[in-house]
Amino acid sequence: QVQLEESGGGLVQPGGSLRLSCTASGSISSLNVMGWFRQAPGKQREMVAQISSDGVTNYAGPVKGRFTISRDNAKKTVYLQMSDLKPEDTAVYYCNANIRPVNGNRNLFWGQGSQVTVSS
């Protein structure tokens, strides 16, 4: 069974940094685009950053220049380095990945979510 497990959320002061990690496990045939989304209270889930299997990245406007997405294909892990955090970055962060299981169809899988709170 394919799963995504996240780690690294927490409470940080404005201007601080955090790094989120998300690792895929299970019987995986191919791991394609991986990404991070976030959902703040009362708001819709929005894309934060995405990265293709060959390292091409895409960022949402509000995080450009402050967040960096990267991946380690050997570890089946995607990272989100967040710097200069602002209170408006407070949200539950979800990783996702386009995965083809060994015995199954390609699908979009989601992590369990990690709370990031930016507050003084």
Side-chain angles (χ1 to χ4, degrees):
Q1 184 177 356
V2 174
Q3 291 184 325
L4 295 179
E5 184 170 349
E6 302 178 28
S7 62
L11 172 65
V12 63
Q13 293 186 341
S17 299
L18 277 177
R19 189 176 85 154
L20 303 178
S21 300
C22 173
T23 299
S25 63
S27 298
I28 296 172
S29 176
S30 64
L31 183 58
N32 297 97
V33 175
M34 304 182 79
W36 292 93
F37 283 65
R38 67 185 181 186
Q39 187 166 19
K43 295 188 177 181
Q44 289 188 333
R45 190 173 298 189
E46 61 180 4
M47 190 275 289
V48 175
Q50 293 178 306
I51 184 167
S52 69
S53 57
D54 56 358
V56 176
T57 59
N58 180 41
Y59 294 94
V63 308
K64 277 184 180 177
R66 299 188 297 121
F67 291 11
T68 301
I69 189 170
S70 61
R71 64 191 284 170
D72 184 328
N73 289 330
K75 294 182 179 179
K76 299 185 178 64
T77 299
V78 63
Y79 305 97
L80 186 69
Q81 178 66 48
M82 303 181 288
S83 302
D84 189 23
L85 282 159
K86 305 177 186 298
E88 52 264 41
D89 295 317
T90 296
V92 178
Y93 284 70
Y94 299 90
C95 71
N96 72 0
N98 186 296
I99 297 173
R100 175 174 288 171
V102 170
N103 294 309
N105 297 321
R106 184 180 300 283
N107 209 340
L108 188 63
F109 291 83
W110 291 88
Q112 79 277 15
S114 298
Q115 178 68 47
V116 172
T117 302
V118 185
S119 175
S120 55

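Because only heavy atoms are used, hydrogens play no part in the values below, and waters and symmetry mates are left out as well, while side chains stay in. From a predicted model like this one, the values you see are computed outputs, not experimental measurements.
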For [X], what residues pass the side chain to side chain donor-acceptor pair (under 3.5 Å) criterion, not counting sequence neighbours?
X: R66; result: D89
X: N98; result: R106
X: D54; result: S52

Q | Exceeds 12 heavy-atom contacts within 6.0 angstrom, atom CD of Q39 | A |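 Yes.
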
(Q) Atom CD of residue position Q44 - does it have more than 12 heavy atoms of other residues, nucleotides or ligands inside 6.0 Å? (A)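 No, not enclosed.
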
Taking every non-hydrogen atom, the tightest pair across [X] and [Y]:
X: E6; Y: G113; answer: OE2-N, 3.1 Å
X: I99; Y: P101; answer: O-CD, 3.4 Å
X: A40; Y: T90; answer: CB-O, 3.7 Å

Q. Checking side-chain contact (heavy atoms from CB on, under 4.5 Å) for the pair N96/R45: CA distance, chi angles, key distance, verdict?
A. CA-CA 12 Å; N96 72 0; R45 190 173 298 189; over 6 Å; no

**Q.** Transitive ILVMFWY side-chain link L4 to V2, under 4.5 Å
**A.**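 Cluster IDs for L4 and V2 match.
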
Q. Applying the 4.5 Å side-chain criterion to the ILVMFWY set and letting contacts propagate, would V92 and M47 be lumped into a single cluster?
A.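 Yes, V92 and M47 fall within the same hydrophobic cluster.
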
Q | Straight-line distance of S70 OG to M34 CE, nearest 0.5 Å | A |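 It comes to 10.5 Å.
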
Q: Give, for atom OG1 of T57 and atom CD1 of I69, the distance between the pair rounded to the nearest 0.5 Å.
A: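 Reported to 0.5 Å precision, the distance equals 8.0 Å.
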
Only pairs at least two apart or in different chains count here, so list each ring pair (Phe, Tyr, Trp, His ring centres under 6.0 Å) that has a residue in [range].
range: residues 81-120; value: F37-W110
range: residues 55-78; value: none
range: residues 3-26; value: none

Disulfide (SG to SG under 2.5 Å): pairs with one or both residues in [range], sequence neighbours excluded:
range: residues 34-83; answer: none
range: residues 62-120; answer: C22-C95
range: residues 25-87; answer: none

(Q) A side-chain contact here means heavy atoms from C-beta on lying under 4.5 Å apart; do L11 and Q115 qualify? (A)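 No, side chains not in contact.
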
Side-chain polar contacts of residues 77-87 - donor-acceptor pairs under 3.5 angstrom, sequence neighbours left out - could you list them?
| unit_1 | atom_1 | unit_2 | atom_2 | d |
| --- | --- | --- | --- | --- |
| T77 | OG1 | T23 | OG1 | 2.9 |
| T77 | OG1 | K75 | O | 2.9 |

Q: Please name all residues satisfying salt bridge (charged side-chain N to carboxylate O under 4.0 Å, His left out) with D72, sequence neighbours left out, ordered by chain then number.
A: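 Partners of D72 under the salt bridge (charged side-chain N to carboxylate O under 4.0 Å, His left out) test: none.
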
Which side-chain N or O atoms in residues 12-20 pair as donor and acceptor under 3.5 Å with protein atoms at least two apart or in another chain?
none

